[in-house]
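Reviewing the structure listed below.
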Amino acid sequence: MSAAESIIKIENVTKTFGKYKAINDISLDIPKGSFTTLLGPSGCGKTTLMRLIAGFHDPDEGGIFINGARINNIPAYKRKTPLVFQEYALFPHMTVYENISYGLKLLKLPKSEIKEKVNEMLEMFGLQGMENRFPKEMSGGQQQRVAFARALITGQDILLMDEPLSNLDAKMRVEVRNELRELQQRTGVTAIFVTHDQDEALSLSDYIAVFNKGVICQVGTPWDIYFKPESKFVADFVGVANFIDGEVVGFSGEDIVVKCSDHVFEVNQTGHAVKAGDPVTIMVRPECISVMPNAGEDKSEGYCWNGYIQKSSFLGRMIRYWVDCGPFQWIVDDSSPSQVLKGLVNIQLDKSRIHLLTKDR
Ligand SMILES: Nc1ncnc2c1ncn2[C@@H]1O[C@H](COP(=O)(O)OP(=O)(O)O)[C@@H](O)[C@H]1O
Ligand SMILES: [Mg+2]
């Protein structure tokens with residue numbers, strides 16, 4: 001992750017339930033003021049990690065630090081890490097005012113002070129005039145703002161959100177997630193967000209930590225996670241990709257030479273400690289390949305192949321093709337289509353977008 005100051009540090013944390021290791025020796029730094037997403041399939045340990053940070057679980061091993069102080073033994077209510085569960089966890093029977101003021105009431109602040117602080121929050125989140133409404137009388141975006149105001153009113157600078165958008169329909173999800181990002185940037189709060197939805201993770205985050213089976217596979221910016229995954233698991237989980245297994249056969253200048261079937265790919269990728277004979281996988285995203293009609297002449301050379309369209313899928317903003325090119329089948333996305341292609345085509349790979357995967361997971 002970046003060199004920015006970290007506000008939360010998770011160091012070699014393990015958590016078992018019975019014999020099951022839900023979290024297996026995880027280390028993670030969360031930079032202050034960042035929006036960091038834990039992304040992974042259901043059951044991989046995301047909620048468990050959030051509950052460990054919030055203090056609802058104790059780690060079996062390892063340390064959790066907030067602003068440099070070890071907090072393993074500090075109870076949840078003293079940690080200042082409010083956990084927002086699904087549906088923003090507003091109290092449905094309370095008005096906006098009552099929801100926002102809830103935390104301050106628990107702290108037994110004088111009424112006048114509570115009123116002043118709630119008014120500040122209402123103004124900050126554009127909720128003036130809505131204080132007497134109930135959550136069901138508000139849009140998803142407005143409810144989101146109330147949830148934020150309620151979490152932040154007690155002076156928190158860390159917000160933990162566990163799949164807060166999962167009960168919304170698709171269109172609403174996008175609307176509310178944009179609002180969520182805007183609110184986080186405006187308040188400068190450090191947000192840790194859990195989702196199993198890769199689009200959500202890619203569009204919201206400064207950093208994504210991809211989880212699988214209790215371990216973190218990779219941490220990086222959305223761009224790196226998507227275009228420079230380290231393993232097949234990460235590449236596959238965050239999007240559609242072409243994978244071709246091969247073997248390192250040598251080096252050519254800056255390039256690693258990889259043989260797949262009878263074809264040789266030269267991958268410009270420094271930083272990989274591979275040697276001849278190592279098994280590797282070539283990855284290419286479908287949008288990094290172009291497809292053109294072919295009138296019959298053989299144009300195959302280098303990274304251009306003749307192929308035959310086996311299947312196509314019209315998705316509105318693009319057409320996805322499955323193209324059979326002899327030894328390889330490629331998935332190709334045409335994102336500015338002028339027609340639906342059929343039959344014989346040429347496909348052209350952008351060599352600079354070929355990526356090498358060297359890790360198992
Ligand atoms: N309190 C618990 N007792 C026993 N097993 C649990 C408990 N909480 C979670 N688990 C198990 O730990 C694993 C990770 O769960 P969880 O963190 O909820 O996953 P996620 O949030 O990624 O879907 C799952 O296999 C789940 O069944
Ligand atoms: Mg969960």
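In this text, all values refer to a predicted model and were calculated from it rather than measured experimentally. Both ligands and their constituent atoms are indexed starting at 1 by order of listing.
- Using a 4.0 Å cut-off between charged nitrogen and carboxylate oxygen, D58 and K15 do not count as a salt-bridge pair.
- Atom-to-atom distance recorded for K275:NZ and I256:CD1 is 12.5 Å, nearest 0.5 angstrom.
- Taking 2.8 Å as the limit, the number of protein N, O or S atoms around the Mg ion (ligand 2) is 1.
- The aromatic rings of W305 and W330 lie tilted to each other, with the angle between the two planes from 30° to 60°.
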Note down each nitrogen or oxygen pair, ligand 1 side and protein side, whose separation is under 3.5 Å; give only atom names and the distance to 0.1 Å.
| unit_1 | atom_1 | unit_2 | atom_2 | d |
| --- | --- | --- | --- | --- |
| ligand 1 | 17 (O) | T47 | N | 3.4 |
| ligand 1 | 17 (O) | T48 | N | 2.9 |
| ligand 1 | 17 (O) | T48 | OG1 | 2.5 |
| ligand 1 | 19 (O) | G45 | N | 3.3 |
| ligand 1 | 21 (O) | T47 | N | 2.9 |
| ligand 1 | 21 (O) | T47 | OG1 | 2.8 |
| ligand 1 | 22 (O) | C44 | N | 3.2 |
| ligand 1 | 22 (O) | G45 | N | 3.0 |
| ligand 1 | 22 (O) | K46 | N | 2.9 |
| ligand 1 | 22 (O) | K46 | NZ | 2.9 |
| ligand 1 | 23 (O) | G43 | N | 2.7 |

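- The cationic group of K105 does not satisfy the cation-pi geometry with Y102, failing either the under 6.0 Å distance to the six-membered ring centre or the 45° limit from the ring axis.
- The aromatic rings of F125 and F148 sit perpendicular to each other, their planes meeting at more than 60°, with 30° as the lower class boundary.
- In this structure, K311 is not positioned above the aromatic face of Y321 in the sense of NZ or CZ being under 6.0 Å from the six-membered ring centre and within 45° of the axis.
- Taking the charged nitrogens against the carboxylate oxygens, K351 and D255 do have a contact shorter than 4.0 Å, which makes a salt bridge.
- D157 meets the side chain to side chain contact (heavy atoms under 4.5 Å, CB included) test with I7; sequence neighbours excluded.
- Listed by chain and residue number, L104, L107, Q156 satisfy the side chain to side chain contact (heavy atoms under 4.5 Å, CB included) test with T154 (two or more places apart in sequence, or in another chain).
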